Amino acid sequence: MKLHSIETAIIDLPVARPHKLAMAVIDRHSQVIVRIRSECGVEGLGEIAIIPHYGEEAPGAIKSMIDDCIAPYLIGHDIRRLESLVMLMDQVIKNNAYAKGGIEMACVDALARSVGVPAYQLFGGKVHVTIPLLWVLGNGVIDKDVAEAEAKLAEGRYKLFLVKIGKGDPRENVERALAIREALGDKARVRVDINQGWDEPTAKWGIAELEAGGIEIIEQPLPAHDIDGMKRLTERFSIPIMADEGVMTAQDAMRIAHHHAADAFSVKVTKHGGLLRTKQVANIAHAAGIRLFGGTMIEGQIGTSAYAHIFSTMPNLTLGAQLFGPHLLTDDIAPATIEFKDHALVVPDGPGFGVTLDTDKLAFYRRR
């Protein structure tokens, strides 16, 4: 099972509507696709979805890092030795979690396919057959967000919703989140994500208002580096405080757990640098009594399936997952194979991630 080739392509996929975050507005979604092939002919697929300004890496830089820097050192490496492969990439270059995670994802897919098992079997087997789904209300307008949530409820796909409130006037944002919460009533549960957008005094006021108004969870209210501030908020409020941008590495997870600076983590394969490292973060959280939420970088079929496989192996992933990418993207380079029912994603059971590549679509959406 030695690596024979590693190929990459940047693609830009259409979205159903502009998706407003604190750091960017997404009107098309960029990904780096990784295809590896073993010497015995087994292929594996990886997907690196990029949210602009969320992290430090960009599509062109990721592709160049893989093609020119990392890949030449991996050819001939036995992909059955996943830990060794990750160690080798760390020896080649520091950081660059997105690039390393995409390569590792493709190797996991190929390895699981080669032995005819779902990828989750390589990580201890699944403990969740389905994963409750969360939809992000990213219009930034109350009436549009409420109408969108009502439509998703009617479809039977979502009853968990997230409102982005980190950009703009905090008072207006809090009022918007509470208005959406009130409009949906008992039919749905609503959370908010501040994306590091507040300082501590604003957070103390805003979280108190949101908690009183029935919001369920507060995600990353303070800048990632402000662990002391996150600790004070976690101690002050009974509403769960979730870390996202603040928990990139296993070392971050250890630090936050040690300081009791969050009640929950949002885990993402891309930001952690692969499935192995995502499982490391999950294990630290489990040992510390910290609950998990499955985050997203807005993946398509390949990435969503990979995320679902590793999330399904985490006993403390009890807060659902944000794997809405296949419903926001209006086209993809892989046929739709993931099943959604009863407000949840059904964890795939096919070999590897259970996803195949449409090479015509890859050629169509490939960036020139």
Side-chain angles (χ1 to χ4, degrees), residues 21-23 51 54-55 97 131-132 134 136 160-166 170 173-174 177 189-212 214-273 277-297 307 310-311 314-323:
L21 307 168
M23 70 286 290
I51 293 177
Y54 173 87
I131 301 173
L134 176 145
V136 175
L160 263 177
F161 297 97
L162 181 74
V163 183
K164 297 282 189 175
I165 63 170
N173 282 326
V174 167
R189 290 142 57 199
V190 179
R191 305 172 182 178
V192 299
D193 186 1
I194 294 112
N195 286 122
Q196 310 181 78
W198 289 350
D199 57 22
E200 193 171 344
T202 303
K204 288 178 180 177
W205 165 81
I207 294 172
E209 295 289 314
L210 293 163
E211 184 175 36
I215 296 298
E216 184 180 61
I217 292 175
I218 309 293
E219 185 173 349
Q220 199 65 54
L222 302 180
H225 63 82
D226 192 358
I227 291 179
D228 289 341
M230 288 284 286
K231 172 182 171 64
R232 287 189 287 270
L233 295 178
T234 302
E235 292 174 341
R236 182 185 185 101
F237 294 101
S238 58
I239 185 172
I241 307 296
M242 182 186 295
D244 178 10
E245 292 93 334
V247 57
M248 295 288 186
T249 66
Q251 291 75 23
D252 292 335
M254 286 285 290
R255 196 174 302 114
I256 293 172
H258 174 74
H259 289 282
H260 305 286
D263 300 297
F265 291 165
S266 175
V267 288
K268 301 174 182 175
V269 175
T270 302
K271 75 170 179 177
H272 298 313
R277 285 181 166 154
T278 303
K279 194 64 185 281
Q280 288 176 355
V281 170
N283 288 339
I284 291 167
H286 195 197
I290 292 171
R291 290 184 289 171
L292 296 179
F293 169 68
T296 186
M297 300 292 283
Y307 276 48
I310 194 66
F311 291 168
M314 301 172 181
N316 53 326
L317 196 136
T318 58
L319 299 175
Q322 200 173 350
L323 299 178

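Keep in mind that what you see is a predicted model, and the values were worked out from it rather than measured.
Take R189 and apply the salt bridge (charged side-chain N to carboxylate O under 4.0 Å, His left out) test, not counting sequence neighbours, and it matches E216. Not counting sequence neighbours, the partners of T202 by the side chain to side chain donor-acceptor pair (under 3.5 Å) test are D199. Among residues two or more places apart in sequence or in another chain, the side chain to side chain donor-acceptor pair (under 3.5 Å) test is passed with T296 by E299. When the side chain to side chain donor-acceptor pair (under 3.5 Å) test is applied to R291, no partner is found at least two apart in sequence or on another chain. Residues that satisfy the side chain to side chain contact (heavy atoms under 4.5 Å, CB included) test with D228, not counting sequence neighbours, are D226, R232. Applying the side chain to side chain contact (heavy atoms under 4.5 Å, CB included) test to A321 and every residue at least two apart in sequence or in another chain returns I131, F311, L323. Looking at residues two or more places apart in sequence or on another chain, you find a salt bridge (charged side-chain N to carboxylate O under 4.0 Å, His left out) between K231 and E235. Under the side chain to side chain contact (heavy atoms under 4.5 Å, CB included) criterion, A285 pairs with F265, I290, L292, N316, not counting sequence neighbours. Partners of R255 under the side chain to side chain contact (heavy atoms under 4.5 Å, CB included) rule, at least two apart in sequence or in another chain, are I227, Q251, D252, H259.
Judged by distance alone, the side chain of D193 and the main-chain N or O of K164 form no donor-acceptor pair under 3.5 Å.
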Show which side-chain atoms of residues 204-212 pair as donor or acceptor with protein atoms under 3.5 Å away, not counting sequence neighbours.
residue, atom, partner, partner atom, Å
E211, OE2, S238, N, 3.4
E211, OE2, S238, OG, 2.6
E211, OE2, I239, N, 2.9

Contacts table for residues 217-225: side-chain donor-acceptor under 3.5 angstrom, sequence neighbours left out:
residue, atom, partner, partner atom, Å
Q220, OE1, D244, N, 2.7
Q220, OE1, E245, N, 3.4
Q220, OE1, G246, N, 3.1
Q220, NE2, L222, O, 2.9

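What you find for T278 and K268 is that their closest heavy atoms are OG1-O, 3.9 Å. Heavy atoms only, all atoms of each residue included: A177 and I165 are closest at CB-CG2, 4.1 Å. Residue A253 comes nearest to V281 through the heavy atom pair CB-CG1, 4.1 Å, listed as atom of the first residue, atom of the second, then distance. Of all heavy-atom pairs spanning V247 and I256, the tightest one is CB-CD1, 4.0 Å.
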side-chain contact (heavy atoms from CB on, under 4.5 Å) evaluation trace for Y307 with Q322: CA-CA 10 Å; Y307 276 48; Q322 200 173 350; over 6 Å; no
